[in-house]
There are 2 protein chains.
Amino acid sequence: MSDKLTFRQQQVLDCIRQFLSDTGMAPTRAELAELMGFQSKNAASDHLRALERKGYVRLHNDRSRGIQMLDAALWPEDELPVVGKVAAGLPIEAIENVERSVPVPQGMFRQRPTYLLRVQGDSMKDAGILDGDLIAVRKSNMARSGQIVVARIDDDVTVKTLKLGNGSATLMPANDDYSPITVGADQLVIEGIFVGLIRDAV
Amino acid sequence: MSDKLTFRQQQVLDCIRQFLSDTGMAPTRAELAELMGFQSKNAASDHLRALERKGYVRLHNDRSRGIQMLDAALWPEDELPVVGKVAAGLPIEAIENVERSVPVPQGMFRQRPTYLLRVQGDSMKDAGILDGDLIAVRKSNMARSGQIVVARIDDDVTVKTLKLGNGSATLMPANDDYSPITVGADQLVIEGIFVGLIRDAV
DNA sequence: AAGGGCACTGTTCTTTTCGACAGTATCCAT
DNA sequence: ATGGATACTGTCGAAAAGAACAGTGCCCTT
C-alpha cells in the first residue's frame, strides 16, 4: 500500500504528527526545518515530496501548512492479526493461523500489542479472561514472575500466570478446576506477555 | 465551560470542522469567508475572534491556518468518551464526567458502543468484568432479560445482569459476595447495554 | 565509473495570509 | 437614546510561506 520509509523520513513524519497533535496545524517548511535541525527549508520540502510520493501525506499546492496526513500515516500499522487455533509446533504468528485482523488504535493499550489471540477454555476465568475473548499479546521471550503470559510447553500453547522459582517455572491457572503446571525453566518457551483484553458481547 | 454560540457562530464552527476533516488543515480567513458566503474576510476574522473568546478554538497569532479546535468543539468520529465516576443525578454522559476519550475503530464490537465506562468494584468479576476495566456501552433505555446492563436505581449507577419478572426487575451480580437487588420495574432506569470490554494490563 | 536516490545548504521570487483600520446596519438591554 | 454585541463590507501593508532553481556530498547498484 505505502512504500517503506527511510529512517530520516520516518523521523520527519513523526515530527509532523507531533506538531499536529500539539498545535492542531501542520508545520510550515521553515518550522519543520527548525524542528529537524535543517539549515535550509528546502530539506524539509524534499522530505515532504518524498512522503507524498510514498503515499503518507498529501501536499496541497500553494496552500500554507497544506500537509494532510493520510490514513497510512495517521494510524500507522494499526491492524493486528488475530491468531486462532494454534497449530502444533508452528510459531504462534504463522500466517496459516491468522483468523482475521482487527484495527487496534495506537495508545489503546499502554503496551503496544504485537498480535491478538482468541482464548479457548476458561482456565483463566478468575482473572477475568473468558472463553472467546481476544487477548492482546506483546511478543517477548522473557517475562517476570507474576505476569500473565502466553507460553509453550512442548507443542502446547496456553495462557497462564507465570511464577518463577529457582530453576523452575510454574504456570498458574485462575480457576480452581485446573492445577498449576511446574516445569524446568528450560522446557518453557515464553511466546508473549498479556497486555490487554477485548471482549465483544453477543 | 464554554459559552453558548449564536446560530451563525455554530455554522462557522461546523464549517471549519468540515474543512478540517476534508483537507486536514484549517481554512484561512479568505477560504472561510468564501465557504460562508462573506464578501469580506474580516467577517471571518470577527467570527474566529468570537469563537476564541468563547473557548471553542485557539488562534495562533501570525500563523497561517492557525485555528486549533479545542475539545469543546471536537468530538471526532471514532473517539468515544470515557465516563468515570458518575455524578449523582446527572445524565451519564454529562461533560463533567468525561475522563478522556479513546479511539474505538468501527467494527471492533458487533454493536457500536455509545460511550465507555470505567468499572468500579468487582461485583461482576465472575462475568469477567474486573475493577478498572473499560466497558463499552450502547445507550438504550430498554433491555432484555439476561443482558448485562448499566442501570440506575435512584442515583446509583451499577453494572449488573438484568432479570425481568412480571412487574419487577432484578439486578444480578456475578460475585457471591454480593446480593441480587429486586425493584419495581418503574424504579429502574436502564442507561445502556453492555456490548464489549477493553482491559489494559499493567 | 557512472547514474540514481537520498540528504541536505543557500538564494530568490511570488503568492498567500494575517492583522489592523475604517465603515455600515441591526438588534437588544438599560 | 445610548451603548454594546452581533454581523458584516472594503482596503492596505507587512510578514509568512511555498515553489523553483542551483549546488554539494554520500552511498549503493549496475
Side-chain angles (χ1 to χ4, degrees), chain A residues 2-20 22-70 72-73, chain B residues 2-20 22-70 72-73:
Chain A
S2 299
D3 275 346
K4 195 102 179 78
L5 293 181
T6 66
F7 177 71
R8 209 67 177 131
Q9 285 163 359
Q10 185 63 56
Q11 283 190 313
V12 170
L13 192 65
D14 289 343
C15 187
I16 298 168
R17 210 200 322 270
Q18 184 64 49
F19 193 98
L20 204 51
D22 289 346
T23 67
M25 57 193 174
T28 64
R29 271 71 173 159
E31 283 163 348
L32 190 54
E34 195 187 342
L35 285 164
M36 293 292 300
F38 304 151
Q39 300 304 303
S40 167
K41 56 202 174 103
N42 193 50
S45 282
D46 284 352
H47 278 301
L48 288 173
R49 275 188 287 266
L51 290 174
E52 179 170 50
R53 181 166 41 78
K54 295 188 177 182
Y56 289 80
V57 302
R58 177 176 164 203
L59 299 179
H60 294 264
N61 282 349
D62 283 312
R63 310 217 106 73
S64 67
R65 302 178 188 277
I67 307 170
Q68 182 170 16
M69 302 286 272
L70 299 179
Chain B
S2 299
D3 275 348
K4 196 104 179 79
L5 294 181
T6 66
F7 178 71
R8 208 67 176 130
Q9 285 164 0
Q10 186 63 56
Q11 282 191 313
V12 171
L13 192 64
D14 290 342
C15 187
I16 297 169
R17 208 200 321 268
Q18 184 64 50
F19 193 97
L20 205 50
D22 289 346
T23 67
M25 56 192 175
T28 63
R29 271 73 173 159
E31 284 163 347
L32 189 54
E34 194 186 344
L35 284 164
M36 292 293 299
F38 304 150
Q39 300 304 301
S40 168
K41 57 207 173 89
N42 194 49
S45 280
D46 283 352
H47 278 299
L48 287 173
R49 275 189 286 267
L51 289 175
E52 179 170 48
R53 182 166 40 76
K54 294 188 177 183
Y56 288 81
V57 302
R58 178 177 163 203
L59 299 179
H60 294 263
N61 282 350
D62 283 314
R63 308 254 122 125
S64 65
R65 303 179 186 277
I67 307 171
Q68 182 170 16
M69 302 285 272
L70 300 179

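Within every chain, numbering begins at 1; the chains are lettered A, B, ... in the order of the sequence lines, protein sequences first and strands thereafter. These numbers were taken from a predicted model, which means no experiment stands behind them.
- No side-chain heavy atom of B:Leu59 sits less than 4.5 Å from a side-chain heavy atom of B:Leu51.
- At the phosphate of D:dG18, neither OP1 nor OP2 sits under 4.0 Å from any side-chain N or O atom of A:Asn61.
- Taking atom CE on A:Met36 and atom P on C:dC6, their separation rounds to 15 Å, with Å as the unit.
- The base of D:dG18 lies outside donor-acceptor range of the side chain of A:Ser64, with no N or O pair under 3.5 Å.
- Going from atom CD of A:Glu52 over to atom P of D:dG18 covers 13 Å, rounded to whole Å.
- Other residues, nucleotides and ligands contribute more than 12 heavy atoms inside 6.0 Å of the CD atom of B:Gln11.
- At whole-Å resolution of the value, CD in B:Gln39 and C1' in C:dA25 are 16 Å apart.
- Sequence order on DNA chain D of the closest nucleotides to B:Phe7 and B:Ser40 puts B:Phe7 first from the 5' end.
- Residue A:Asp46 contributes atom CG, which lies 13 Å from atom P of C:dG5 at whole-angstrom precision.
- Put simply, B:Arg63 has no side-chain N or O that comes within less than 4.0 Å of OP1 or OP2 on C:dT17.
- Side-chain atoms of B:Lys41 stay outside donor-acceptor range of the base of D:dG10, with no qualifying N/O pair under 3.5 Å.
- Within the nucleic acid shown, A:Ala30 has no heavy atom closer than 4.0 Å to any nucleic acid atom.
- In the interface, the side chain of B:Asp62 is not paired with the base of C:dC18 through any donor and acceptor atom under 3.5 Å apart.
- A donor-acceptor contact under 3.5 angstrom links the side chains of B:Asp14 and B:Gln10, judged on distance only.
- Here the P atom of nucleotide D:dG13 and the CZ atom of B:Arg29 are 20 Å apart, to the nearest Å.
- Summarising the geometry, the separation between CZ on B:Arg65 and C1' on D:dA16 is reported as 12 Å, rounded to the nearest angstrom.
- Atom CG in A:Leu13 sits roughly 13 Å away from atom P in C:dA7 (whole-Å rounding).
- Relative to the side chain of A:His47, the nucleotides C:dA7, D:dA7, D:dT9 differ in distance, and C:dA7 lies closest.
- The side chain of B:Arg8 places no N or O atom within less than 4.0 Å of a non-bridging phosphate oxygen (OP1 or OP2) of D:dA7.
- Contact annotation: B:Ser45 side-chain N/O to C:dA20 OP1/OP2 distance is not under 4.0 Å.
- Rounded to whole angstrom, the span from the CG atom of A:Leu51 across to the P atom of C:dC6 amounts to 11 Å.
- Between B:Phe38 and A:Arg49, it is B:Phe38 whose nearest contact on DNA chain D lies nearer the 5' terminus.
- The main-chain N or O of B:Ser64 is found under 3.5 Å from a side-chain atom of A:Arg65 such that the two form a donor-acceptor pair.
- A 4.5 Å side-chain heavy-atom check between B:Gln9 and B:Lys54 finds at least one atom pair inside the cut-off.
- Residues B:Thr23 and A:Gln68 come closest through the heavy atom pair O-CD, 2.9 Å.
- Dashed line: the shortest gap from a side-chain N or O of B:Lys54 to OP1 or OP2 of D:dT6 is under 4.0 Å.
- Remark: the B:Asn42 side chain and the D:dT9 base include a donor-acceptor N/O pair separated by less than 3.5 Å.
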